[in-house]
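A short worksheet on the structure shown next.
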2 protein chains.
Amino acid sequence: MELRHQVAVTLAEVAEAAGVGESTVSRVLRSHGSFSDKTRERVMAAVERLGYVPNRIAGTLASAGSRLVAFVIPSLSNIVFPDVLRGASAVLEENRHQAVFAVTDYDPQKEEALVASMLAWRPAAVVLAGCEHTEGTAKMLRASGCRIVELLDLDGEALDIAVGFSNRAAGHASAEFLLTRGYRRIGYVGHDLIRDTRAGKRFKSFCETLGMHDVPLVDREIVAGASSVENGQVGLEQLLARTPALDAVYFSNDDMALGGYFHCLARGIHIPSRLALFGYNGLDIGRVTPQPLSTVRTPRVATGRVAAQLIVENAPSQIVDLGFELIEGATA
Amino acid sequence: MELRHQVAVTLAEVAEAAGVGESTVSRVLRSHGSFSDKTRERVMAAVERLGYVPNRIAGTLASAGSRLVAFVIPSLSNIVFPDVLRGASAVLEENRHQAVFAVTDYDPQKEEALVASMLAWRPAAVVLAGCEHTEGTAKMLRASGCRIVELLDLDGEALDIAVGFSNRAAGHASAEFLLTRGYRRIGYVGHDLIRDTRAGKRFKSFCETLGMHDVPLVDREIVAGASSVENGQVGLEQLLARTPALDAVYFSNDDMALGGYFHCLARGIHIPSRLALFGYNGLDIGRVTPQPLSTVRTPRVATGRVAAQLIVENAPSQIVDLGFELIEGATA
DNA sequence: ATGAAAGCGCTAACAT
DNA sequence: ATGTTAGCGCTTTCAT
């Protein structure tokens, strides 16, 4: 690994080798401005021969126009965010932009620190989850002059661009669905609702909708820790131990609901006649379980894609509601 | 959004406002070199007042030492890679490094293009999956002078640092396990083995081990498309339609195995007495299914963490074998 | 069509 | 302890 210390080839060296000026090399490399075919060939030959790799750090500094897009996301364990990144990175790569990311663990203070850190890269845009941020985060972002994209939560004030759907509407639709199916003794199994504000909004709206129909939520179980299949299992087990006479359970998301589903399978609790289960997210796996999971499918990849598209075309401030889809499934 | 066009505060302006020289501001901000307490206070006050955010683009260019770490990964759908990123990003954030990423879709040509693109950011390290790369990729990487970290596959030549385990050993262990349990009519359900070379290595070694015991693989079903729960379902269904008399099936990974498991649950195929199932990865969800999935658990998060640690401490070239764990489970 | 030269905002000697 | 200055490698006027 002696090569490690070698010095990178610079544009000046390419210019020298090609016998042209630096600006000519720059023009050729970016196909910008004018130059003769012969010049281009000589430059490209030199680039090839020297193995020149342009230094984008220098380029960005000189042109004051960054093609970096910073993602400050709550988690990588929750499949939602890899899905969003997937949609976004495809579009960004096509448009010669570059994704940078950092993980907040659902901590607003950490989000603030990471946004500050990201801003130091002078990104073209900062992409965040939701519209709940600290004062400091919002202030920095507004002062930065870069585009701000908030994803997956339209229930609040957007700073610039927002792409996603309404979690309140999702919670509402879920409650209406269960009520329409005739369920009246409904419980809830969820994870930390303070940190995951979007899950909190769904739950709140879910309860309000039940209330409007004079069907109070019978019981709830909030597990410690992040959402996971295992926690869904444990949560449902504890909920049922305390309140056996439920006819339906709403989960904070599909991971949790799958845990509940497995619990029922293992215990021989018949679904949905004895107990109905309803999730959120519409994960692929929920379509393949012996009984497809009843849930709300969210446009995660599309959210990333649309967000990236708006960024690369420097679209005006706007709110894009991508909606969601209620999946009837067979568990409710 | 009129703020968008505002010009960022520079270090020079902070220096001016604080009535000190530029280098003093730089020293204070990086807590490097010496300065009086009084000076520090004045500088910090100015920073606060002006809302100064250091420009890391300029800083990196000037100091020729990048804290960027570039991840060029095959996929974000396969949970393996979000897991690796998760482990890595935690360590990188603690050490003031920054993760950048791009997705290859398991395409070596695309990997080459993305590596070239990443190198333009002059990262401290480039992190790749596996040790199979195009000539061009390897050449560029070696010529770049930056650290190279290859993950999740120790069965090959490492360019610089490699962290992970042996897929061949995993395939071998899986076969030995099934044989020890007495299974003799074994099939395989997998996805594209050309693109996912690590799955290919596991399968090859699996077959070789069976062969060493004179137990040929009875049949295999390679589904079109990426690995997924749904494809695992479909794959097993087709395999059994063609070759019903199997007593065990090895899957390319847990996603596929879960699909197979659901298929059996739905069809009332008793597990493991009628058919045994064996996966790969050790996903959390496999621990919570009514019968825990028999599989090999891989150290995905740890792989990311160790890789990041070696990068931040600029460790010497080395191979780190993190091993894997065979999970007996209840499906085989 | 091409080159010269002035930055971009910072860091790192080198002075003082 | 602090200021001055010369770059880092590129892009971008502005000449020619």
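These values consider heavy atoms only, across backbone and side chains, with no hydrogens, waters or symmetry-generated copies. Lettering of chains follows the sequences in order, A, B, ..., and the numbering in each one begins at 1. Keep in mind the model is a prediction, meaning the values are calculated, not measured.
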inquiry  = Is a donor from one side chain sitting under 3.5 angstrom from an acceptor on the other, for A:Arg40 and A:Ser36?
reply    = no
query = Distance only, no hydrogens: is a donor on one side chain within 3.5 Å (strictly under) of an acceptor on the other, for B:Ser77 and A:Arg86?
reply = yes
Nearest heavy atoms of [X] and [Y], plus distance in Å:
X        : Y       : value
A:Trp121 : A:Ser66 : O-OG, 4.2 Å
B:Val9   : B:Leu50 : CG2-O, 3.3 Å
A:Gly33  : A:Arg27 : CA-CD, 4.3 Å

ask   = Side-chain contact, heavy-atom cut-off 4.5 Å: B:Leu154 with B:Ile319?
value = yes
query = Looking at side-chain heavy atoms only, is the closest gap between B:Leu310 and B:Val163 below 4.5 Å?
reply = yes
query = Is any NZ, NE, NH1 or NH2 atom of the basic residue among A:Glu94 and A:Arg305 found under 4.0 Å from an Asp or Glu carboxylate oxygen of the other?
reply = no
task = Give a yes or no on this: more than 12 heavy atoms of other residues, nucleotides or ligands lie within 6.0 Å of atom CD of A:Glu16.
result = no
key: B:Glu313, CD: over 12 other non-hydrogen atoms inside 6.0 angstrom   = yes
ask   = Which of residues 33-53 of chain B sit near DNA chain C, with a heavy atom under 4.0 Å from it?
value = B:Tyr52
request  = Give, ordered by number, those residues of residues 22-32 of chain A having at least one heavy-atom distance below 4.0 Å to an atom of DNA chain C; if nothing qualifies, reply none.
outcome  = A:Ser23, A:Thr24, A:Arg27
ask   = Can you give the first and last nucleotides of DNA chain C, 5' to 3', that have an atom under 4.0 Å from a heavy atom of chain A?
value = C:dA1 to C:dG9
task = Answer with base, sugar-phosphate or nothing: what part of the nucleic acid does A:Gly65 contact at a heavy-atom distance below 4.0 Å?
result = nothing
